[in-house]
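Shown next, in structure tokens, is the structure this report addresses.
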Amino acid sequence: MSFLSVKNLTLRLRDNRAPLLRDVSLEVSAGEVHGLVGESGAGKSMIGKAVLGILPRAVEIAGGEIWLDGVDLLTLPPAARRKRVGGLAALIPQDPLTALNPSRRIGPQITDRLVDILGWKRTEAEARALDLLGEVQINDPARVMRQYPHELSGGMRQRILIASAFAAEPKLIVADEPTTALDVTVQKQILRLIAGMQARHGTALLFVTHDLGVVSKVCQSLSVLYAGRILEQSTVRDFFAAPTHPYSAALLGATPKYTDPEGSLTPVPEAIIARLRAEIAAYDEAHHG
Amino acid sequence: MFWQKLIARIGTTAVTLIGVAVIVFVVIRVVPGNPVAMMLPPGATEADVARLTALYGLDKSIPAQFLIWVQGVLQGDFGTSITTRQPVLDLVLGRLPATLELSIMALVMAVIIGGIAALTGTRLRGTKAEGAIDVANGMALSVPDFLWGLALILLFGVLVPVFHISGRVTPSLDLPFTTGFYLFESLFRLRFDLWADIVSHMLMPALALAIPLAAIIGQLLKQSLKETMHLDYVTLSRTKGYGENHVITREALPNAILPTLTLVGVQFTFLIGGTVIVERLFSYEGLGNMAIDAVINRDLPLIQGIVILFAVIFTAVNLVVDLLYTVLNPRLRHG
Amino acid sequence: MADLTDGRGAVKRRIGTRLWLAGGWLTLLLLAAVFAPLVAPQDPLAQDLFLTRLPPFWEEGAEAGYWLGTDSLGRDVLSRIIYGARLALVVALVAGSITCLIGSALGLMAGFLRGWVDLVISRLIDIWMAFPPVLFSILLIAVIGPGLHSIILAIVIIDWTRFARVVRAEAMAQGAMDYVASAQVAGRGRIGTMLREILPNVLPTIVVLLTLEMGIAVIVEAILSFVNLSISTDDPTWGGMIAEGRASVYQAWWVLVFPLITLFLTVLAFSQLGEGLKDRFDPVLR
Ligand SMILES: Nc1ncnc2c1ncn2[C@@H]1O[C@H](COP(=O)(O)OP(=O)(O)OP(=O)(O)O)[C@@H](O)[C@H]1O
Ligand SMILES: [Mg+2]
């Protein structure tokens with residue numbers, strides 16, 4: 001069985017029951033990198049948040065299963081679930097500027113999980129943090145550990161967040177557009193860093209992005225999302241050779257080069273969008289009624 | 001940068017204090033009726049009045065009086081009280097500890113009550129309990145200390161008489177104190193019997209002062225906690241396996257406190273200002289109570305001294321809060 | 001889904017009831033004050049040494065016609081509360097409005113004109129903030145002598161900073177916005193811009209502050225009569241009744257309780273009115 005297996009996950013808004021994810025299923029095996037692509041608002045981040053148990057309060061799980069390392073997380077009581085996710089998975093967030101606590105030093109922010117949740121000795125945790133900061137190519141890690149976030153650049157902070165994500169040797173990392181908040185020159189370095197770390201540590205990666213070019217480089221498999229529905233799921237090789245869904249084909253056809261630096265998805269023909277909308281409406285009709 | 005800021009702040013503080021001194025000085029010298037005439041026995045002659053007026057320097061022009069007064073102040077002489085004929089400084093410093101103890105106790109209570117309200121409200125956000133906390137906060141905020149004091153007198157002084165509602169300490173008790181800080185000194189001397197008596201006297205006036213401030217703290221802190229709870233680093237700490245309580249107290253709270261702190265500084269000076277009437281209400285022997293007596297008795301030097309002392313305390317509190325903000329904010333500390 | 005209400009609607013409804021309750025109480029008070037001679041069951045000044053400290057109507061020993069009991073001089077508590085509302089409301093309306101006018105004008109000038117005007121006004125605000133307000137008001141009354149005019153004057157002198165501080169900050173924020181710049185480009189003068197462009201945008205805040213200030217004025221009046229510095233000692237005032245009630249709280253609790261409840265409700269009503277208006281004016285909730 002896959003390491004992460006999401007089955008028929010349906011999310012909706014608590015107050016008006018508008019669906020955000022519709023019957024989403026996906027599998028990520030150990031060590032695999034799976035890309036989640038789709039336009040803004042498609043629900044990519046919601047999948048990652050559901051797995052990590054950090055859905056916004058306004059959103060509720062209406063159905064489905066989330067199996068992580070052989071256990072359905074949704075059947076666990078909250079405390080047990082937190083502990084399990086905290087030990088097995090980690091998040092590389094989108095915006096490194098807001099993802100570090102401004103009033104705490106860097107060191108404890110990397111080691112806290114190891115000490116508080118996993119019961120490491122503080123000295124071991126600190127040694128581990130130093131190692132990892134070296135691995136993400138930070139000079140003078142010992143000094144950085146004593147600094148506050150505002151003293152560091154965006155690229156530095158993202159490196160720290162990556163080190164922090166890998167600190168507990170998680171089996172799965174959710175990376176939610178980990179480079180969009182950085183400037184273009186830094187983006188490439190960070191991307192290479194994540195790919196390298198992933199390969200060395202053998203971590204499975206759920207990689208959320210707008211950028212098909214990045215997917216083609218980093219991922220082994222991918223899911224294309226539209227309005228909370230998965231339109232297509234395949235290996236990267238098959239997908240780029242011959243996408244099955246017209247929407248994906250349009251996306252791909254419209255992308256002149258895989259390495260489009262802006263990474264944005266280019267317009268999809270009206271006709272295809274109209275057909276998708278109708279499909280979604282029909283789905284909602286059938287499942288809501 | 002820090003020192004520059006400090007010096008600039010001390011400069012404006014000095015200007016403010018001089019302004020306060022000038023205003024008090026002018027205002028109380030417009031008092032109709034000669035305060036000296038009132039303190040003499042009915043049979044006193046014009047000459048007696050004139051002699052005493054000259055003794056207190058009240059026959060000179062207002063600017064001249066001001067200069068004399070400033071000269072004295074610089075030498076630590078705030079003049080002599082007209083009613084008790086004791087040095088103003090002694091009188092004022094004698095009462096200061098009582099008011100300080102009361103204000104600090106009220107501040108501590110406000111921080112505890114307001115903090116608990118904010119944390120509970122955040123923990124239970126979205127539930128009916130949060131709504132109830134908000135409503136209670138709103139009520140506590142709109143009713144001033146004077147009315148809370150009266151309500152507490154009725155509730156815990158009359159209806160369920162569990163606390164003292166008058167004075168600072170039971171008069172029949174023997175007090176071994178050498179300082180005016182009864183609350184602290186009784187603890188220090190391990191006289192827990194006295195301590196309990198003093199606390200029982202202070203609790204109601206302190207609570208009356210604390211309630212509005214607690215409400216402000218509760219509201220501000222909860223609001224800034226709520227904003228903080230949406231930030232990415234809070235979410236990130238959830239993915240690490242931490243529970244709600246840890247996330248609120250360890251990740252959100254330290255960052256939510258700062259914006260609250262600046263506002264609490266000003267509010268604390270309001271609290272200290274409130275001691276004037278609350279001390280009166282509870283016949284608590286502090287500065288405020290003495291101030292009202294001084295006004296009623298037209299004791300000009302004493303009024304002057306008390307108002308200046310209050311102004312010094314107010315500006316000092318604001319100064320300390322400003323500096324505290326700088327020290328607590330890592331962004332400014334290493335900026 | 002018709003049965004599921006929007007959260008925002010619920011908030012608005014709650015504000016509605018709050019506004020109604022607050023407005024209702026204040027209207028009642030206003031009517032009682034205006035028609036005091038008609039509605040008061042007794043003469044508020046009439047002393048009767050045979051009817052001292054009568055309890056309220058539901059207690060043993062009460063007298064008909066003295067619904068809320070009498071004080072130690074045999075004066076009817078209810079009638080004194082009704083007559084006391086006259087002074088309280090006059091002070092609230094007059095002192096509140098004058099304070100509002102002066103404080104807002106100074107705040108507006110400081111916040112929009114900036115420069116030395118702002119420097120002077122801000123310094124004054126700083127100095128004012130260093131005075132304990134209650135002590136300051138007591139001092140002022142002692143100096144200018146008791147009486148209605150003195151109370152109003154004292155409140156104005158002490159509280160103008162409440163308006164000035166907030167309006168200054170608001171005017172400053174508004175002054176930085178683009179619409180102000182375009183008005184000036186269009187050829188409007190400084191004063192014209194201040195009155196035509198800034199003032200209307202600051203007005204909601206001023207109105208809210210005004211209602212809050214009215215509540216504060218009522219309290220200040222009560223505090224001054226409590227320390228016996230309000231108007232003549234005979235005239236019924238809530239604060240004066242409270243002072244007397246505080247002194248005899250063990251013998252006749254009702255002399256303290258009823259004026260206190262009245263004061264509580266009035267202060268609460270003014271502030272709820274202010275809060276309600278604030279929410280009404282808040283574009284997010286509107
Ligand atoms: N806190 C929230 N409360 C309610 N709805 C939300 C919330 N956050 C997101 N949504 C809605 O959920 C849907 C999916 O959002 P999601 O963040 O997963 O999109 P995304 O695919 O990650 O988009 P992007 O590329 O912009 O990050 C969107 O329609 C969005 O409006
Ligand atoms: Mg997203």
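Order of the sequence lines fixes the chain letters, A, B, ..., with proteins taken first and strands second; residue numbering starts at 1 for each chain.
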**Message:** For the interface with chain B, which of D112(A), L161(A), I54(A) has the highest count of heavy-atom pairs at distances below 4.5 Å?
**Reply:**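 When all of D112(A), L161(A), I54(A) are compared, D112(A) has the most.
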**Asked** Hey, which of L52(A), V85(A), L100(A) has the most heavy atom pairs under 4.5 Å with chain B?
**Response**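 The option with the most such pairs is L100(A).
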**Request:** Using non-hydrogen atoms and a 4.5 Å limit, figure out which bit of H230(B) sits close to chain A: side chain, backbone, both or neither.
**Result:**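 No part of it gets close to chain A.
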**Contacting region of R250(B) [heavy-atom separation from chain A under 4.5 Å]** =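 R250(B) touches chain A through backbone heavy atoms alone.
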In Å, rounded to the nearest 0.5 Å, how long is the span from [atom1] of [X] to [atom2] of [Y]?
| X | Y | atom1 | atom2 | value |
| --- | --- | --- | --- | --- |
| N101(A) | D232(B) | CG | CG | 12.0 Å |
| T239(B) | I173(A) | OG1 | CD1 | 10.5 Å |
| Q109(A) | E251(B) | CD | CD | 6.5 Å |
| S164(A) | L236(B) | OG | CG | 6.0 Å |

**Interchain contact, L91(A) with chain B, by part (heavy-atom threshold 4.5 Å)** =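 The answer is both parts of L91(A).
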**Request:** Measure distances from L118(A) to the heavy atoms of chain B and classify the residue's part below 4.5 Å as side chain, backbone, both or neither.
**Result:**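 For L118(A), no heavy atom lies under 4.5 Å from chain B.
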**Request:** Could you tell me whether N139(A) atom CG has more than 12 heavy atoms of other residues or ligands within 6.0 Å of it?
**Result:**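 Atom CG in N139(A) is not packed in, count stays at 12 or less.
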**Message:** Please check if the number of heavy atoms outside W195(B) that lie under 6.0 Å from its CH2 is greater than 12.
**Reply:**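 No, not enclosed.
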**Request:** Give the minimum heavy-atom separation between R113(A) and Y242(B), together with the two atoms involved.
**Result:**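 That would be N-OH, 3.6 Å.
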**Message:** Any heavy-atom pair between the side chains of Y233(B) and P102(A) that's under 4.5 Å?
**Reply:**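 The answer is yes, as the side chains (C-beta and beyond) meet within the 4.5 Å cut-off.
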**Message:** Between R57(A) and G126(B) (side chain of the first, backbone of the second, donor and acceptor by atom type, cut-off under 3.5 Å), is there such a pair?
**Reply:**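 Side chain of R57(A) to backbone of G126(B): no pair is present.
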